[in-house]
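Side chains are part of it too, since the values below use all heavy atoms of this structure and drop only hydrogens, waters and symmetry mates. Per chain, numbering begins at 1; letters A, B, ... match sequence-line order.
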Protein chains: 2
Amino acid sequence: MLTEATITAVALDLIDREGLEKFSLRNLAAALGVYPSAVYWYLPTKDLVAAAVMNLVLRDVAPDIEPKAWKDYLRAVMLRCRQAIQRHPNTAPLLGAQLTANTRADFGLIEGILCALSAAGFEGPRLVDAYNSTIATLVGFTTQEFSPMPDSGEDWQKETQSRLDEISPVDYPVLSRNLSLLKNQAFILRWENGVRVALDNSFDMYIEIFIAGLEKMKKAPAK
Amino acid sequence: MLTEATITAVALDLIDREGLEKFSLRNLAAALGVYPSAVYWYLPTKDLVAAAVMNLVLRDVAPDIEPKAWKDYLRAVMLRCRQAIQRHPNTAPLLGAQLTANTRADFGLIEGILCALSAAGFEGPRLVDAYNSTIATLVGFTTQEFSPMPDSGEDWQKETQSRLDEISPVDYPVLSRNLSLLKNQAFILRWENGVRVALDNSFDMYIEIFIAGLEKMKKAPAK
DNA sequence: ACCTGAACACCGTTCAAGT
DNA sequence: ACCTGAACACCGTTCAAGT
């Protein structure tokens with residue numbers, strides 16, 4: 001007999017092995033050894049299957065730290081979220097698409113973030129704003145970093161590289177001066193994703209920017 | 001005779017009117033009055049059509065400001081990106097998915113951002129990190145804010161609301177204490193997206209967090 | 001060069017019917 | 001309650017053939 005748990009586990013396994021493009025209810029049903037319509041009895045839509053998969057992937061992101069230490073707590077949340085996606089990089093596009101649309105999400109994580117932000121001094125409407133900023137930050141970098149490139153077709157990679165090499169130094173001086181550092185290491189200018197070329201340093205700065213900015217905001221409530 | 005420009009314009013119009021789910025090459029071809037395979041002569045894959053649509057949507061996000069005023073410039077980029085998506089909210093999911101995967105993107109925007117960041121004092125590897133942080137920030141909030149909710153089915157909205165109302169005050173004290181402010185105004189806790197309920201204040205704070213954090217980073221190069 | 005027209009190999013979802 | 005089996009209304013992409 002099927003269960004929501006086995007469906008979800010097999011779905012995640014399918015995505016891990018074959019990629020998000022192969023994640024169809026028909027392939028999932030085949031992997032489960034049932035007809036596609038059998039899955040619908042437990043999860044009546046594909047989006048719900050995806051949401052369940054994401055809950056599985058993000059199961060343990062809520063860190064085991066006292067939220068009062070708000071900087072450490074938020075840093076840990078960001079790091080652990082990225083690590084979770086790194087363990088299942090093919091789910092990366094679902095992070096932006098589903099976390100946000102998923103009200104079955106883990107309220108424990110939300111509570112932890114809200115705790116940390118109130119410990120940082122945010123309350124009322126500004127707590128809402130700080131929360132939204134945190135969720136947006138949590139999702140933004142990691143989704144992109146590990147999202148698939150246009151097909152991993154070799155011709156596309158060559159084409160991308162040659163387009164970069166043709167960049168005019170007079171029209172785009174700063175870009176072309178730093179091209180060797182940016183090539184394949186920067187969003188929009190890369191041809192491999194975070195699975196092949198992780199952007200560890202950039203992610204570190206990204207987090208520190210957020211933490212430092214948050215601290216500044218709490219000290220300067222008025223804009 | 002078809003052109004890439006008319007295909008792209010009609011595709012954007014289709015997405016604006018009917019939503020991203022109705023954006024298929026078959027519907028696009030019907031709107032153009034041709035067979036689906038005719039489109040392939042100009043744009044040989046659906047992803048390329050989507051990328052072209054995104055270039056159209058983001059055509060004018062590069063602001064008309066001197067990048068030396070780096071704070072004003074980056075603020076303007078973020079605001080104008082959000083405004084562009086607000087004009088075509090159904091394209092929101094493509095922002096995260098395509099901008100990052102699109103090497104046909106506008107190098108002018110990239111150059112502008114790099115200019116602003118060097119004016120802020122970043123260079124070398126730290127310029128790369130600051131750039132990646134900027135792109136991630138640019139995309140993160142807006143993609144989520146305007147991405148579609150699970151189906152706009154009324155039953156789903158009711159279900160979401162009732163799940164929020166059932167949150168245990170003892171398990172989730174901070175969450176339930178602020179629930180009235182968070183309800184439908186915060187990521188994961190809302191049932192309508194930015195088209196119905198724009199998160200203007202949160203976006204403002206999000207930007208200011210980034211700018212303030214960036215300024216802090218430039219002053220404290222070492223972590 | 002540009003497009004028709006048909007085909008291939010898929011989809012998500014629904015629904016009657018079985019057990 | 002749980003699943004089969006078939007059907008419905010779609011997909012993106014390919015390819016020979018026309019002009």
Among dC2(C), dC2(D), dT4(C), which is the nearest nucleotide to the side chain of Tyr42(B)?
dC2(C)

Whole-Å gap separating C1' (dC3(C)) and CG (Leu2(B)):
8 Å

Tell me the side-chain hydrogen bond (donor to acceptor under 3.5 Å, both in side chains) pairs involving residues 13-39 of chain B, sequence neighbours left out?
Asp13(B)-Arg17(B), Asp16(B)-His88(B), Ser24(B)-Asn27(B)

What is the distance from CD of Glu4(A) to C1' of dA1(D), rounded to the nearest Å?
16 Å

Reading DNA chain D 5' to 3', what string of ( ), [ ], | and . shows its pairs, if Watson-Crick and G-U wobble pairs count only when both distances fall under 3.5 Å?
||.|||||...|||||.||

Rounded to the Å, how far apart are Trp41(B) CH2 and dC3(C) C1'?
10 Å

Dump the intermediate steps for salt bridge (Lys or Arg N to Asp or Glu O under 4.0 Å) on Asp106(A) and Arg59(A), then the final yes or no.
CA-CA 8 Å; Asp106(A) 179 19; Arg59(A) 196 180 9 154; over 6 Å; no

Please tabulate, one pair per line, each protein N/O and nucleotide N/O from nucleotides 13-15 of chain C that are separated by under 3.5 Å, including the distance.
unit_1, atom_1, unit_2, atom_2, d
dT13(C), OP1, Thr45(A), OG1, 3.0
dT13(C), OP2, Tyr40(A), OH, 2.8
dT13(C), OP2, Lys46(A), N, 2.9
dT13(C), O5', Tyr40(A), OH, 3.2

Shortest non-hydrogen separation from Ala186(B) to Asn132(A) and the atoms involved
CA-OD1, 3.2 Å

For Asn27(A) and dA9(C), what is the distance between atoms CG and P respectively, to the nearest whole Å?
15 Å

Out of dC3(D), dT4(C), dC2(C), whichever nucleotide has its closest atom nearest the side chain of Tyr35(B)
dT4(C)

Can you say whether the rings of Phe203(A) and Phe141(A) are parallel (under 30°), tilted (30 to 60°) or perpendicular (over 60°)?
perpendicular

List the steps and the verdict of side-chain contact (heavy atoms from CB on, under 4.5 Å) for Val128(B) and Lys183(A).
CA-CA 10 Å; Val128(B) 177; Lys183(A) 256 200 267 189; over 6 Å; no

When the P atoms of dA9(D) and dA9(C) are compared, how many Å lie between them, rounded to an integer?
23 Å

Measure across Phe23(B) and Ala11(B) and return the closest heavy-atom pair with its distance rounded to 0.1 Å.
CE1-CB, 4.1 Å

Ignoring hydrogens, what is the shortest heavy-atom contact between Leu94(B) and Leu20(B)? Give both atom names and the distance.
CD1-CD1, 4.0 Å

Picking from dG12(D), dA1(C), dT4(C), which would you name as closest to the side chain of Ala38(B)?
dT4(C)

Could you check how far CZ of Phe23(A) sits from C1' of dG12(C), rounded to whole Å?
11 Å

Which residue is it: Gln161(B), Gln157(B), Glu192(B)? I am looking for the one with a side-chain hydrogen bond (donor to acceptor under 3.5 Å, both in side chains) to Asn184(B).
Glu192(B)

Intermediate values then yes/no, side-chain contact (heavy atoms from CB on, under 4.5 Å), Gln185(A) and Leu199(A):
CA-CA 7 Å; Gln185(A) 302 275 355; Leu199(A) 306 177; 4.2 Å; yes

